[in-house]
Novice: 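Can you read through this structure? Questions will come right after.
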Amino acid sequence: MRSPIEFRVYQEGDLDGVLALCRQEGWISYADDRDRARKVFTAPGVVAVVATTSSHIIGFAYFQTDRAIQAHLSLLVVEQTYRRLGAAKGIISYAFPLLGATRVDLITDTAEAFYRSLSHKEESGFRLYPPGTSVSDS
């Protein structure tokens, strides 16, 4: 039987567990630079949340927020064995009151069905890069 999932605000000691999740997904922009990831997850205007069991971190999300109207979900990851058990929805539900925002925007290339299962309004979106950047570098 699995341990219950709990949600809390990210702490510095969570970095290794979060980076392990990013590595599992192949998200090298976080996993390959520990100092940069630490800076991102603790930056002003960032709300970061972890999902944990009694043994380890099984999920993570970070949002950027103006704490008034708008927030952006920048990253959400749940360990493969805990998907479809409510961890991602729990992370989002836990985070919403911390954001102080009335809405959250996001982009996804793998989880459309999940986000469509939430209260949402679907819009077109773009991810912009500096001139000369290869989009495969992200």
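The shown structure was predicted, so the numbers you read here are calculated from the model rather than taken from an experiment.
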Novice: Are Arg23 and Ile28 close enough that some pair of their side-chain heavy atoms sits under 4.5 Å apart?
Specialist: no
Novice: Looking only at non-hydrogen atoms, find the nearest pair between Phe63 and Ala95 and report the distance.
Specialist: CE1-CB, 3.4 Å
Novice: Please answer: with hydrophobic residues joined when any side-chain heavy atoms are less than 4.5 Å apart, are Ile92 and Ile58 in the same cluster?
Specialist: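 Yes, Ile92 connects to Ile58 through the hydrophobic network.
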Novice: Between Lys39 and Glu12, does any NZ, NE, NH1 or NH2 come within less than 4.0 Å of an OD or OE carboxylate oxygen?
Specialist: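 Salt bridge flag = no for Lys39 with Glu12.
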Novice: May I have the step-by-step check of side-chain contact (heavy atoms from CB on, under 4.5 Å) for Val104 and Leu99, ending in yes or no?
Specialist: CA-CA 9 Å; Val104 173; Leu99 299 173; 3.7 Å; yes
Novice: Answer yes if Tyr82 and Val49 sit in the same cluster of Ile, Leu, Val, Met, Phe, Trp and Tyr residues linked by side chain heavy atoms under 4.5 Å apart, and no otherwise.
Specialist: yes
Novice: Provide the closest heavy-atom pair for Ala37 versus Tyr30 in the form atom of the first, atom of the second, distance.
Specialist: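 In terms of heavy atoms, the two residues are closest at CB-O, 3.7 Å.
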Novice: Arg34 vs Asp16, test: salt bridge (Lys or Arg N to Asp or Glu O under 4.0 Å). Steps then yes/no.
Specialist: CA-CA 9 Å; Arg34 181 181 184 78; Asp16 288 336; 2.5 Å; yes
Novice: So Tyr10 and Phe60, would you call those rings parallel, tilted or perpendicular, with 30° and 60° as cut-offs?
Specialist: perpendicular
Novice: Count I, L, V, M, F, W, Y as connected when their side-chain heavy atoms are under 4.5 Å apart, and connections chain through other members. Are Val40 and Val47 then in the same cluster?
Specialist: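 Different clusters: Val40 never reaches Val47 through Ile, Leu, Val, Met, Phe, Trp or Tyr contacts under 4.5 Å.
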Novice: If every non-hydrogen atom of Ala101 is compared with every non-hydrogen atom of Ile69, which pair is closest and at what distance?
Specialist: CB-O, 3.3 Å
Novice: Are Leu19 and Val50 linked, directly or through other ILVMFWY residues, by side chains that come within less than 4.5 angstrom of each other?
Specialist: yes
Novice: Should Val46 and Ile107 be regarded as members of a common hydrophobic cluster, given that ILVMFWY residues are connected when their side-chain heavy atoms come within less than 4.5 Å of each other, either directly or indirectly?
Specialist: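 No: no chain of side-chain contacts under 4.5 Å links Val46 to Ile107.
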Novice: Will you find, in the side chains of Thr53 and Ser3, an N or O donor that is under 3.5 Å from an N or O acceptor?
Specialist: no
Novice: Classify the side-chain pair Gln64/Ser74 by whether it contains a donor and acceptor separated by less than 3.5 Å.
Specialist: yes
Novice: Which atom names give the shortest non-hydrogen contact between Glu79 and Ile57, and what distance separates them?
Specialist: OE1-O, 4.0 Å
